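Just so you know, these numbers use all the heavy atoms, side chains as well, and skip hydrogens, waters and symmetry mates. Note that the coordinates shown come from a computational prediction; the quantities given were computed from them, not determined experimentally.
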Amino acid sequence: MKVVFAIDSMKGSLTSLECGEAAAKGLMRAIPDAEYEVRPLADGGEGTVEAVTVGCGGTFEEISVTGPLGKKVKAKYGIIENPNKTAIIEMSAAAGLTLVSPVEMDPFKTTTYGVGEMIIDAINKGCRHFIIGLGGSATNDAGIGMLQALGAIFYDSRGAILKGENGYLTGGDLEFINKITPENFNPALSECTFRVACDVNNPLYGPTGASRIFGPQKGLFDSEIELADEWMKHFVAVASEAMGEKIDPTFPGSGAAGGLGFAFKNFLAGQLEAGNKIVIEETNLKNYISDADLVVTGEGLLDIQTKMGKAPMGIAHIAKVFDKPVIALVGSVAPGFDGDELPDVDAYFPVIRRVSTLKEAMDPATARVNISSTSEQLFRMIKAFNIFNKSK
């Protein structure tokens, strides 16, 4: 019997690999002679750098960059050497919401400048291909901070260069931009390709745009949303003039990460793709799944969002292409969620074993025990009913 474990991270608790290793321990207690592979999984958000870098045998780099509010932060990214030197970057490492305290949240003051610094560092280390994860941003600057770090120059209506109050542009500076000269970009960018992991389809502005949908969770007040949305609309006009063509702000994913998706697509020719698709392809998960008897996936919370492009559903779909059974191990299940909504998953099992607080359940040591114990019972059942006829 051969099992592939590809479980998404349980945020705030265990990484993808830690979840998989815990589940594998349960398998070994139940069926000691079974074979297994633990593969990292992510959907473009938290855990993408680890999933792709580890899955492809890469290495990690840690550098100091400008954080969302200007203070220096340590940001980690991955580099894969083969077949092409590729950098794996999560924008949240430099401009994530977790880097800003609730009291300091203000999209008019946050910047993506550090994301550009990470790209430049990777370029200087020989990378010409990039995989970028857009989840978890604290910003709403349409990517102007990143573009500034990459060499773009912004001007106000008087023709003066805009550098930002503290030397970097923020969401509040969108109001003043009247002209952009992208020809000043770092010349190596013309040799670079960008695959951008994007798990939302929102346009840049409008009723479902970046400011209206995601702005409030980043600190925008109701009275500021309309203003921020108008600035985004104005920026599209300026960007269209700079690029010499009319830019479509409604392209799916343009509003991701406060408009960073828009910047990647239109200034860096980035390809906006589903995050789980990128991770699955880059780590060759199809090859592992095709050779398995059973696939075990999962995530922290099973809810309505699970079926909307989350990584476990990507795994389950591929498994069914190869006619493999799929089991999901999940932290918990949202009230009222119906398992019939997951046609590619044969069964799911919540791993919490006793009444506990959320904090207790998310304790890493407790989560490991819960996952391995649930996995053990699952495989004891498989063994008892001789489901796979014989061990392989």
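- Salt-bridge check for Glu226 with Arg212: passed, with a basic side-chain N closer than 4.0 Å to an acidic carboxylate O.
- Between Phe108 and Trp231, the distance from one ring center to the other falls under 6.0 angstrom.
- Under the 4.5 Å side-chain criterion, counting only non-hydrogen atoms from C-beta, Leu302 is not in contact with Ser332.
- A salt bridge does not link Glu376 to Lys383: none of the charged nitrogens lies less than 4.0 Å from a carboxylate oxygen.
- Classification of Lys324 and Asp344 as a salt-bridged pair fails, no side-chain N sitting under 4.0 Å from a carboxylate O.
- Crowding of Glu360 atom CD: a count of heavy atoms from other residues, nucleotides or ligands under 6.0 Å exceeding 12.
- Within 6.0 Å of atom CG in Asp323, 12 or fewer heavy atoms from other residues, nucleotides or ligands are found, so the atom counts as exposed in its surroundings.
- In this view, Phe194 and Phe130, Phe264 satisfy the ring-ring contact (aromatic ring centres under 6.0 Å, His included) rule, not counting sequence neighbours.
- For the pair Glu241 and Lys179, the salt-bridge criterion is not met [side-chain N within less than 4.0 Å of a carboxylate O].
- When side chains are defined from C-beta on, Glu273 does not count as touching Val196, because their heavy atoms never get closer than 4.5 Å.
- Under the 30°/60° scheme for interplanar angles, the aromatic rings of Phe5 and Phe379 are found to stand perpendicular.
- Interatomic distance, Lys233 NZ to Leu174 CG, rounded to the nearest 0.5 Å: 15.0 Å.
- Residue pairs meeting the salt bridge (charged side-chain N to carboxylate O under 4.0 Å, His left out) criterion with at least one partner in residues 61-70, sequence neighbours excluded, are Glu61-Lys125.
- The residues Glu21 and Arg368 are annotated as not salt-bridged, no charged nitrogen and carboxylate oxygen being separated by less than 4.0 angstrom.
- How far CG of Leu342 is from CG of Asp346: 11.0 Å, rounded to the nearest 0.5 Å.
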